[in-house]
Asks: 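Have a look at this one before I ask anything.
Basis for what follows: all heavy atoms, side chains included, without hydrogens, waters or symmetry-related copies. Lettering follows sequence order; numbering is per chain, from 1.
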Amino acid sequence: MPALPPPYISRKRLPFRELVGALLAHYGLQGWWPLREHAGTNPTATGRFTGYHPGDYRYPHTASQRFEIACGAILTQNTAWVNVERALENLASVGLLEARSLFSAQDPMLESAIRPSGYFRAKTRKLRLFAEFYLCLGDRVPTRDDLLMVWGIGPETADSIRLYAYAQLEMVVDAYTRRVLVREGYCEEPLDYDRVKRFCEAHVERTVPAYQEFHALMVEHGKRLARKPTSLSKNAR
DNA sequence: AACCAGGACGTGA
DNA sequence: TCACGTCATGGT
């Protein structure tokens with residue numbers, strides 16, 4: 001056990017599980033991960049973020065969807081999703097949203113396709129290295145440690161790929177999750193990734209759909225908290 | 001016109 | 001270990 005002060009102070013709050021229930025009631029089922037083929041359907045409460053499939057947890061249906069999800073997870077690193085959508089569209093339109101062609105593509109081709117999502121040189125390298133890893137994988141499901149061995153894939157990206165591309169029971173913690181936990185008074189900074197992950201695991205039903213909905217709700221709610229405290233966050237005590 | 005967005009890596013202390 | 005700089009585009 002790390003010799004650190006306990007980061008999670010129990011205040012007079014809803015039990016965390018009940019906050020999650022309140023968020024679900026408020027925002028509804030999310031149905032992550034967004035896919036291009038669903039673009040334009042199921043707009044969420046925040047508006048223009050589309051591509052979800054609420055209520056259907058059998059994704060990915062195909063290897064193509066799996067690869068698209070993983071690429072999106074890499075491209076969205078510190079980047080607004082709307083920019084990632086453009087990059088994914090560009091990749092698909094030139095036939096590069098597929099492991100073999102992406103791996104074989106020339107740098108300038110990849111770079112120009114993903115430029116809208118930023119960090120285009122670093123992400124070109126990351127996508128290519130992931131494509132290589134993905135091809136070597138065959139039909140096997142990568143462990144978290146497998147993914148962390150790949151340059152460009154850190155804890156959150158690895159967990160996102162595990163939970164959404166491979167439908168494995170893996171809790172995803174992102175900036176929005178941390179923001180919600182802090183702003184709603186369930187923990188204090190500094191928020192170490194693995195400790196937040198364990199906190200969430202302790203409070204969420206241990207099923208893949210529950211993990212997916214939980215993470216998606218954290219993002220949806222976190223986006224609101226970015227602007228100003230919402231009525232929900234004020235009422236939720 | 002700053003500031004931020006669904007991080008990860010390299011570096012020096 | 002850990003704090004900090006770097007990577008880059010597009011929206012608000």
Asks: Would you classify A:F120 as touching base, sugar-phosphate or nothing, given that sugar-phosphate means primed atoms plus P, OP1 and OP2, and contacts are heavy atoms under 4.0 Å?
Replies: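 Counting heavy atoms under 4.0 Å across all strands, the contact made by A:F120 is with sugar-phosphate only.
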
Asks: Without decimals, in angstroms, what is the distance between A:N83 CG and C:dT12 C1'?
Replies: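 From A:N83 CG to C:dT12 C1': 12 Å.
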
Asks: Please determine if A:D159 and A:K197 form a salt bridge, counting it only when a charged side-chain N lies under 4.0 Å from a carboxylate O.
Replies: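 A salt bridge is present here (some side-chain N lies under 4.0 Å from a carboxylate O).
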
Asks: From C-beta outward on A:A80, which listed nucleotide comes closest to its side chain: B:dA5, C:dT9, B:dG7?
Replies: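 So the nucleotide nearest the side chain must be B:dA5.
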
Asks: On DNA chain B, check which nucleotide each of A:G152 and A:A73 is closest to and give me the residue with the more 5' one.
Replies: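 Of the two residues, A:A73 wins.
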
Asks: Considering only side-chain heavy atoms of A:Q77, which listed nucleotide, B:dC9, C:dG11, B:dA8, is closest?
Replies: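 So the side chain of A:Q77 is nearest to B:dA8.
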
Asks: Assign A:G118 to base, sugar-phosphate, or nothing according to its heavy-atom contacts below 4.0 angstrom with the strands shown.
Replies: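 The residue A:G118 makes base contact.
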
Asks: Please work out if A:I74 contacts a base, only the sugar-phosphate, or nothing of the nucleic acid, heavy-atom cut-off 4.0 Å.
Replies: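 Counting heavy atoms under 4.0 Å across all strands, no contact is made by A:I74.
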
Asks: Between A:R179 and B:dC4, is there a side-chain N or O to OP1/OP2 distance below 4.0 Å?
Replies: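 So the side chain of A:R179 is outside the cut-off, no N or O lying under 4.0 Å from OP1 or OP2 of B:dC4.
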
Asks: Nearest to the side chain of A:W151, which nucleotide is it out of B:dG10, C:dC7, B:dA8?
Replies: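 Selected nucleotide (nearest to the side chain): B:dG10.
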
Asks: A:A105 and A:L110: which non-hydrogen atoms are nearest, and at how many Å?
Replies: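 Here A:A105 and A:L110 meet closest at CB-CG, 4.1 Å.
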
Asks: Roughly, in whole Å, what's the span from CG in A:L148 to P in B:dG7?
Replies: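 Rounded to the whole Å, the gap is 16 Å.
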
Asks: Between atom OH in A:Y119 and atom C1' in C:dG5, what is the gap in whole Å?
Replies: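 Rounded to the whole Å, the gap is 12 Å.
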
Asks: Just the rounded figure in Å: distance from P of B:dA5 to CG of A:L75.
Replies: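 Between P of B:dA5 and CG of A:L75: 18 Å.
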
Asks: Find which nucleotide of DNA chain C each of A:N78 and A:R86 is nearest to by heavy atoms, and output the residue with the more 5' nucleotide.
Replies: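 Per heavy-atom nearest nucleotide, the more 5' residue is A:N78.
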
Asks: Could you work out the separation of B:dA8 and C:dG11 based on their P atoms and round it to a whole Å?
Replies: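 Here B:dA8 and C:dG11 have their P atoms 24 Å from each other.
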
Asks: Would you please confirm or rule out a distance under 4.0 Å between OP1 or OP2 of C:dG10 and any side-chain N or O of A:W81?
Replies: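 For C:dG10, neither OP1 nor OP2 has a side-chain N or O of A:W81 closer than 4.0 Å.
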
Asks: Rounded to whole Å, how long is the line connecting atom CG of A:L129 with atom P of B:dA8?
Replies: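 In whole Å, B:dA8 P lies 15 Å from A:L129 CG.
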
Asks: If you measure only the distance, is there a donor-acceptor pair under 3.5 Å linking the side chains of A:T79 and A:K123?
Replies: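 The answer is yes; a qualifying pair exists.
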
Asks: In whole Å, I'd like the distance from the CD atom of A:E85 to the P atom of B:dA5.
Replies: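 Spelled out: CD on A:E85 to P on B:dA5 is 17 Å.
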
Asks: For DNA chain B, whose closest nucleotide is more 5', that of A:A175 or that of A:R125?
Replies: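 The 5'-side residue here is A:A175.
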
Asks: When the distance from CZ of A:R178 to P of B:dC4 is rounded to whole Å, what number comes out?
Replies: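 Nearest whole value for this atom pair: 16 Å.
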
Asks: In whole Å, what is the span from the CZ atom of A:R144 to the C1' atom of B:dA8?
Replies: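 Distance check: A:R144 CZ to B:dA8 C1' gives 13 Å.
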
Asks: Taking atom types as modelled, is there a side-chain donor on A:S93 or A:N90 under 3.5 Å from an acceptor on the other?
Replies: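 No pair is found: no donor N or O on one side chain lies under 3.5 Å from an acceptor on the other.
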
Asks: Please find the pair of heavy atoms, one from A:R206 and one from A:L169, that lie closest to each other, and give the distance.
Replies: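 In terms of heavy atoms, the two residues are closest at C-CD1, 3.7 Å.
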
Asks: Could you tell me how the ring of A:F16 sits relative to the ring of A:H203: parallel (under 30°), tilted (30 to 60°) or perpendicular (over 60°)?
Replies: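 Correct class here is perpendicular.
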
Asks: For B:dC4 and C:dG5, measure between their P atoms and round to the nearest Å.
Replies: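 Between the two P atoms, the distance is 15 Å.
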
Asks: Identify which nucleotide among B:dA8, C:dG11, C:dA8 has an atom closest to any side-chain atom of A:A122, counting heavy atoms from C-beta outward.
Replies: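 Nearest to the side chain of A:A122 among the choices is C:dA8.
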
Asks: Ignoring backbone atoms, test whether A:T157 places a side-chain nitrogen or oxygen under 4.0 Å from the OP1 or OP2 oxygen of B:dA8.
Replies: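 So the side-chain polar atoms of A:T157 do come within 4.0 Å of the phosphate oxygens OP1 or OP2 of B:dA8, strictly under.
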
